Amino acid sequence: MSALPTERSKADLRTAALAKRDALSDKKRAAAAKAVAKRGLPVEITPGMIVSGYSPIRGEIDPVPLMRKLAEQGARLALPAIVARGKSLAFRAWSPDDRLMLGPLGILEPSPAAAEVVPEVMVVPLAAFDRLGHRIGYGGGYYDYTLAHLRKIKAITAIGLAFAAQEIEAVPALSHDVPLDYVLTETGIFDFRS
């Protein structure tokens with residue numbers, strides 16, 4: 001089926017959503033990160049449960065306040081590490097006070113010496129999302145590939161983290177795009193599980 005001229009491409013939608021995100025003040029960004037942390041995750045945190053976050057880049061909502069709260073609730077934390085393009089992300093054990101190092105794409109990640117783990121919950125960054133749980137990332141496909149790969153091993157809850165301004169009407173989802181279970185913003189929780 002060919003795209004209609006009125007349909008916007010993922011690249012255009014990404015650019016527009018990121019412009020909205022970039023326009024947010026530092027004060028609004030900090031308040032949003034605190035609001036998300038205060039609300040917490042929409043899943044029960046059990047002692048020892050592994051939750052992966054991410055190192056924020058390009059103005060993404062900061063997950064660290066949320067991750068600190070999860071650690072206080074007994075979760076074990078992890079951050080993704082890029083192994084190679086087209087490969088699943090690796091997740092390495094992490095504590096909010098650990099020193100991080102620059103990974104291959106210039107994103108902070110734990111040392112290769114940190115223990116590798118498989119999360120039960122993945123907190124995922126995004127450029128845009130819609131009310132069906134579809135996300136637009138940055139085009140690398142790392143999270144889609146990783147979720148599809150890891151869900152063959154065990155059940156993983158995928159939770160997008162975003163500013164409310166990043167919601168768009170519809171993401172043009174493709175067959176390889178893996179929908180999220182939830183999206184958390186400073187204004188609420190979107191539950192996409194059917």
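Here the structure is a predicted model, which is why all the values come from computation and not from measurement.
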[Y] side chain reached by [X] side chain, heavy atoms, under 4.5 Å:
X      : Y      : answer
Leu41  : Gln73  : no
Glu109 : Trp94  : no
Leu77  : Pro96  : yes
Ile156 : Arg151 : yes
Thr146 : Pro80  : no
Asp177 : Lys10  : yes
Phe129 : His134 : no
Leu102 : Leu108 : yes

Would [X] end up clustered with [Y] when hydrophobic side chains under 4.5 Å apart are linked, directly or stepwise?
X      : Y      : value
Ile159 : Tyr142 : yes
Leu79  : Val83  : no
Ile153 : Tyr145 : no
Leu13  : Phe190 : no
Leu161 : Val178 : yes

Heavy atoms from other residues, nucleotides or ligands near [atom1] of [X] exceed 12 (cutoff 6.0 Å):
X     : atom1 : answer
Lys69 : NZ    : yes
Lys27 : NZ    : no
Arg76 : CZ    : no

[X] to [Y] - nearest heavy-atom pair and separation:
X      : Y      : answer
Ala128 : Ala17  : CB-CB, 3.6 Å
Gly137 : Ala127 : O-CB, 3.7 Å
Leu66  : Gly40  : CD1-CA, 3.9 Å
Val183 : Ala162 : CG1-CB, 4.5 Å
Asp62  : Pro65  : O-CD, 3.5 Å
Pro56  : Glu60  : CA-OE1, 3.4 Å

Sub-3.5 Å donor-acceptor pair from the side chain of [X] to the main-chain atoms of [Y], do we have one?
X      : Y      : result
Arg21  : Arg58  : yes
Arg92  : Ala114 : no
Asp181 : Ala158 : yes
Asp130 : Val171 : yes
Lys154 : Val118 : yes
Arg131 : Glu167 : no
Ser95  : Asp98  : no
Arg29  : Gly59  : yes

Nearest 0.5 Å, what's the [atom1]-[atom2] distance between [X] and [Y]?
X      : Y      : atom1 : atom2 : answer
Arg14  : Arg135 : CZ    : CZ    : 9.5 Å
Ile107 : Ile82  : CD1   : CD1   : 4.5 Å
Thr157 : Leu147 : OG1   : CG    : 10.0 Å
Leu180 : Leu132 : CG    : CG    : 11.5 Å
Ile50  : Leu70  : CD1   : CG    : 13.0 Å

- Under the salt bridge (charged side-chain N to carboxylate O under 4.0 Å, His left out) test, which residues partner Asp97, sequence neighbours left out?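 Here the qualifying residues are Arg68.
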
- Task: Mind checking side chain to side chain contact (heavy atoms under 4.5 Å, CB included) for Ile189 and listing every partner two or more places apart, or none if nothing turns up?
- Result: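 By the side chain to side chain contact (heavy atoms under 4.5 Å, CB included) rule, Ile189 matches Arg39, Pro42, Tyr182, Leu184.
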
- Which is it for Tyr143 and Leu89 under the side chain to side chain contact (heavy atoms under 4.5 Å, CB included) test, yes or no, and what are the steps along the way? CA-CA 8 Å; Tyr143 281 97; Leu89 294 166; 3.9 Å; yes

- Message: Using side chain to side chain contact (heavy atoms under 4.5 Å, CB included), reason through Phe163 and Lys28 one step at a time and then give a plain yes or no.
- Response: CA-CA 9 Å; Phe163 296 102; Lys28 280 188 176 168; over 6 Å; no

